[in-house]
**Q** 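I have a structure I would like to understand better, so I am pasting it below and will then ask my questions one at a time.
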Amino acid sequence: MASALNCWIICSAMLLLQSGGLFSEKLRTLKVSDWWGKAGFYQIYPRSFKDSNGDGVGDLNGITEKLPYLKSIGVKAFWLSPIYKSPMADFGYDISDFRDIQPEYGTMTDFDRMVTRAKALGLKIILDFVPNHSSDEHEWFLKSENRTAGYEDYYVWHDGIPGNNPLQNDPPNNWVENFRGSAWRWSAKRKQYYLHQFHYKQPDLNYRNEKVVNEMKDVLRFWLGKGVDGFRVDAVPWLFEVADFRNEPVSNLTSNPLSPEYLVHIYTQDLPETVDMVYQWREVMDDYKTKNGGDTRLLMTEAWSNLSVVANYFQDSNKKQGSHMPFNFQLILRLNQMSKAADFKTVIDSWLDIVPGGHTPNWVLGNHDRRRVASRMGGEHMVDLMAMVELTMPGVSVTYQGEELGMTDANLSWEQTKDPAACQTSEAEYTKYTRDPSRTPFHWGNSSLAGFTNGTKTWLPVAANYQTVNVQAEQTASKSHLKVFQELMKLRDSSDFYENQYGTVVLGTNVLAIVRVDCKGVYVTLLNIANATETINAEEAITRLNITKTYEKSRVLVASVSSKRSIGDTLQLHEVVLQPYEGLVLRSGATLLFARVLYILATITIQRLFS
Ligand code: GLC
């Protein structure tokens with residue numbers, strides 16, 4: 001009772017101070033109400049998560065078997081890379097039936113069982129929605145190529161322009177596909193080119209055709225009807241291209257006209273019509289909820305675009321709503337092993353600056369298309385620190401499978417390489433393009449093939465370090481990345497962690513502080529990103545955010561593997577010695593003396609107001 005009273009008093013005093021304009025703009029506020037606002041999301045790459053039938057390929061029953069693991073690490077929702085029927089030219093992102101399950105992943109009955117089990121565990125399920133393209137083996141494409149009535153314009157077809165070859169025109173323009181080379185492929189059958197922004201086996205659907213728009217909305221409704229809680233929308237920027245097929249300007253970033261970097265993609269990406277399509281899908285989500293009840297059905301969108309463009313995916317200038325969660329890829333795109341504390345702050349703040357009021361920030365640390373965190377950031381020593389950024393900044397966290405263990409990129413030879421983005425290059429340069437190193441099988445244990453399968457082979461090799469970096473080993477070790485991750489997730493769950501204000505402060509070249517303040521105290525995350533001991537005054541982080549309270553000594557809530565401290569240790573904020581690459585999450589309560597002073601101040605103010 002007494003502490004509730006103290007809390008009320010301090011909160012009221014904070015409001016008074018704020019309204020007096022004494023708080024710095026550096027403190028931001030977040031209030032979360034919906035189920036997903038502070039949830040930890042987890043990305044599963046189904047092919048590599050858990051194989052239940054010994055064929056070396058992960059599957060739905062494997063996922064179902066491991067759902068308790070997700071629960072145990074504090075995950076609230078998971079998103080699945082595509083599980084639909086596919087010839088696997090781009091490992092599921094080339095879909096030949098948007099409403100059916102890839103046989104090597106299981107059956108619709110397996111899917112239903114997974115949904116039932118997830119719901120029983122209180123886990124939400126997000127599916128990958130791949131709207132930009134289908135497989136060239138999709139029935140729609142086959143019909144379109146044959147000019148079957150009603151399907152002629154399901155894809156983007158063009159005659160091309162006359163060139164030297166009397167039998168076949170040249171491609172319509174200079175557009176380049178994402179995996180290199182012309183974005184146009186000649187169909188000998190239809191005697192026209194079709195557009196493919198990705199692999200030639202991924203023809204672009206024609207969103208200027210209302211029938212296609214409606215078909216794809218029906219696909220969303222189909223899966224919502226099967227009980228999924230939302231979608232991660234794939235490759236959003238590419239939905240529309242300019243209708244007159246103009247050449248794109250050259251970027252001067254590379255001299256290779258086959259490379260996607262060769263062009264500035266102003267006529268093929270992020271067109272206004274594309275952004276509007278996201279708003280339309282949002283309506284589908286919201287309508288579904290209105291008609292069927294239940295929790296918010298979520299839209300998460302993939303766009304590696306400029307931040308100013310990403311902001312539009314949240315909402316338009318009239319607050320028409322779009323994606324709940326345009327993915328924040330800034331931590332992936334702009335931080336690396338050379339980054340200093342100031343870079344971390346810039347990257348974090350630049351994202352926060354574009355999140356419109358009333359919307360929720362999100363933090364994506366990795367995915368199946370990029371290098372793993374440990375490899376990107378220069379080593380395993382950065383794993384806990386990056387997790388601390390991801391999990392102690394307010395908002396949603398999105399963790400790619402295996403990052404909680406500190407899995408690293410695997411070394412794969414040219415012969416072992418399967419990713420089309422790499423296979424379309426050459427042995428000399430495939431390592432620059434391959435996405436396979438972050439897609440290798442998940443490490444469940446140290447038995448052969450990392451406990452991923454009980455068969456004798458795996459679709460991609462298991463990474464060499466599986467004997468030490470795996471769930472089993474990290475669960476039994478006294479300290480591990482997995483344990484740090486779990487502690488951080490537990491902290492996110494605690495009720496007061498989200499009703500607060502927050503800010504970031506750079507304490508010298510190598511130390512970043514993330515501060516979160518509520519009426520009972522302050523959380524301070526300290527990250528030493530250097531390979532050297534750093535002594536800092538963490539109180540400075542509090543005062544520089546213009547927080548005028550004083551705090552008792554701090555208690556360690558979470559400590560990185562590199563730390564010599566243990567949970568529950570206490571320390572004084574004004575002098576903290578951080579070990580190389582040490583990360584700490586600390587909690588200090590507001591001092592009671594201060595509470596009393598504020599009580600007196602609040603009483604006087606109230607008396608004046610009412611006298
Ligand atoms: C997205 C996916 C990627 C895929 C591409 C084409 O970027 O994440 O894996 O290759 O879209 O669908």
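Counting begins at 1 with the first residue of the sequence. We count ligands from 1, going down the list as the structure has it; atoms in each ligand are counted the same way.
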**Q** On the six-membered ring of W157, is R147 placed so that its NZ or CZ lies under 6.0 angstrom from the centre and within 45° of the ring axis?
**A** no
**Q** Give me the residue, atom name and distance of the protein heavy atom closest to atom 1 (C) of ligand 1.
**A** D234 OD1, 2.7 Å
**Q** To the nearest 0.1 Å, how far is atom 5 (C) of ligand 1 from its closest protein heavy atom, and which atom is that?
**A** F198 CE2, 3.6 Å
**Q** Under 4.0 Å, counting heavy atoms only: does H199 come that close to any atom of ligand 1?
**A** no
**Q** Starting from atom 9 (O) of ligand 1, what is the nearest protein heavy atom, named by residue and atom, and what distance separates them?
**A** D369 OD1, 2.7 Å
**Q** Centre of W36's six-membered ring, under 6.0 Å away, within 45 degrees of the axis: is that where NZ or CZ of K124 sits?
**A** no
**Q** For ligand 1, is any non-hydrogen atom under 4.0 Å from R232's backbone (N, CA, C, O), its side chain (CB onward), both, or neither?
**A** side chain
**Q** Under a 4.0 angstrom heavy-atom cut-off, which atoms of ligand 1 come close to R439?
**A** 9 (O)
**Q** W444 vs F442 aromatic rings, parallel, tilted or perpendicular, using cut-offs 30° and 60°?
**A** tilted
**Q** Flag this pair as yes if the NZ/CZ of R47 is under 6.0 angstrom from the six-membered ring centre of F91 and inside a 45 degree cone about the axis; otherwise no.
**A** no
**Q** Measure across E65 and S52 and return the closest heavy-atom pair with its distance rounded to 0.1 Å.
**A** OE1-CB, 4.4 Å
**Q** Is the closest side-chain donor-acceptor distance between T274 and Y207 under 3.5 Å?
**A** no
**Q** So, for W175 and Y267, is the gap between ring centers shorter than 6.0 Å?
**A** no
**Q** Can you name the atoms of ligand 1, numbered from 1 with element, that are less than 4.0 Å from a heavy atom of R435?
**A** 3 (C), 4 (C), 9 (O), 10 (O)
**Q** Looking only at heavy atoms, is any part of W304 under 4.0 Å from ligand 1, and if so is it the side chain, the backbone, or both, or is it neither?
**A** neither
**Q** With a 4.5 Å limit on heavy-atom distance, are the side chains of E403 and F485 in contact?
**A** no
**Q** Using a strict cut-off of 4.0 Å, indicate which atoms of ligand 1 neighbour a heavy atom of F179.
**A** 10 (O)
**Q** For atom 4 (C) of ligand 1, what is the nearest protein heavy atom, given as residue, atom name and distance?
**A** D90 OD2, 3.3 Å
**Q** Return the option from Q197, E302, H133 holding the heavy atom at the smallest distance from atom 7 (O) of ligand 1.
**A** E302
